[in-house]
Amino acid sequence: MNKQAQAARTRQRIRALAELLQGQARRAMGHTPLVRGSYYRYRRRCGKAACRCASGMLHAGQAFSIRSGGRSRTLPLAGVDREELSRHVGGYRELRRVRAGMVRTFDELLRQVDKLERLREIGLARLRRRGSLP
């Protein structure tokens with residue numbers, strides 16, 4: 001394949017990547033509230049010798065873990081609408097997935113622009129033949 005055909009194909013790829021990036025940006029610009037953290041279920045022992053958890057029947061609970069001030073904090077979920085919290089946490093995770101996709105798309109876009117630059121460059125000898133340089 002000659003340079004002109006390669007350049008045309010590279011331009012098509014750049015257009016497609018730009019459209020993909022635009023779609024990803026639209027997905028990232030939502031208006032729904034986001035909660036950064038993890039909602040999880042746990043099972044643990046309380047430490048009392050006479051408790052049922054000492055024989056293997058662990059206590060079950062639910063908690064929310066969030067990073068605040070550089071530290072991880074676990075918060076109880078008493079009085080919290082768990083479905084709503086789960087939606088907001090899921091929205092945050094989706095945003096992070098979209099962002100990671102945007103990074104990959106943008107990296108590929110830059111690689112294609114660099115490739116097009118190399119394909120469009122002409123050498124000094126060719127410029128001299130054209131009479132453009134002394």
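A donor-acceptor distance shorter than 3.5 angstrom exists from the side chain of His88 to the backbone of Pro33, with no hydrogens or angles considered. In this structure, the side chain of Arg45 engages the main chain of Cys53 through a donor-acceptor pair within 3.5 Å. At least one donor-acceptor pair under 3.5 Å links the side chain of Thr10 to the backbone N or O of Gln6.
From Leu119, atom CG reaches atom CG of Asp114 across 11.0 Å, with rounding to the nearest 0.5 Å. Between the CG atom in Asp107 and the OG1 atom in Thr105 there is a gap of 9.0 Å [rounded to 0.5 Å].
Taking 4.0 Å as the cut-off between side-chain N and carboxylate O, Arg118 and Glu121 do not count as a salt-bridged pair. Under 4.0 Å is where a charged nitrogen must lie from a carboxylate oxygen, and between Glu84 and Arg87 no such pair does.
Hydrophobic cluster of Leu21: the remaining members, joined at side-chain heavy-atom separations below 4.5 Å, are Ile14, Leu17, Val98, Met102, Phe106, Leu109, Leu110, Val113, Leu116, listed by chain and number.
Residue pairs that meet the salt bridge (charged side-chain N to carboxylate O under 4.0 Å, His left out) test with at least one member in residues 56-66, sequence neighbours left out, do not exist here.
Of all non-hydrogen atoms in Arg93 and Ser38, the two that sit nearest each other are NH2-OG, 3.6 Å. Taking both residues in full, the closest heavy atoms of Gly70 and Arg67 are given as O-NH2, 2.9 Å, listed atom of the first, atom of the second, then distance. Considering all non-hydrogen atoms of both residues, Ala49 and Ala54 come closest at O-CB, 3.6 Å. Closest heavy-atom contact between Tyr42 and Ala63: CE2-CB, 3.9 Å.
In this structure, the side chains of Arg120 and Lys3 stay at 4.5 Å or more apart for every pair of heavy atoms. Taking the side chain as every heavy atom from C-beta outward, Glu108 and Arg104 never approach each other to under 4.5 Å. Side-chain atoms of Arg52 and His59, non-hydrogen and from C-beta on, do get closer than 4.5 Å to each other. Side chains of Val80 and Phe64 form no contact here, defined as non-hydrogen atoms less than 4.5 Å apart. Looking at Glu94 and Arg27, their side chains come closer than 4.5 Å, going by heavy atoms from C-beta outward.
Open room surrounds CZ on Arg36; 12 or fewer heavy atoms of other groups in view lie less than 6.0 Å from it. At most 12 heavy atoms of other shown residues, nucleotides or ligands fall within 6.0 angstrom of atom CZ in Arg73. In this structure, Arg82 places its CZ atom where more than 12 heavy-atom neighbours from other residues, nucleotides or ligands lie under 6.0 Å away.
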Item checked: Residue pair Gln112, Arg11: steps toward the side-chain contact (heavy atoms from CB on, under 4.5 Å) verdict -> CA-CA 8 Å; Gln112 294 299 317; Arg11 284 184 191 95; over 6 Å; no
Note to self: side-chain contact (heavy atoms from CB on, under 4.5 Å), that's the test. Do Arg44 and Leu58 meet it? Break it down for me.
What the structure shows: CA-CA 5 Å; Arg44 67 179 180 89; Leu58 303 178; 6.0 Å; no
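If you chain together hydrophobic residues whose side chains sit under 4.5 Å apart, Tyr40 and Ile66 never meet in one group. Leu20 and Val103 fall into different hydrophobic clusters, where Ile, Leu, Val, Met, Phe, Trp and Tyr residues are linked whenever their side-chain heavy atoms come under 4.5 Å apart, directly or through other members.
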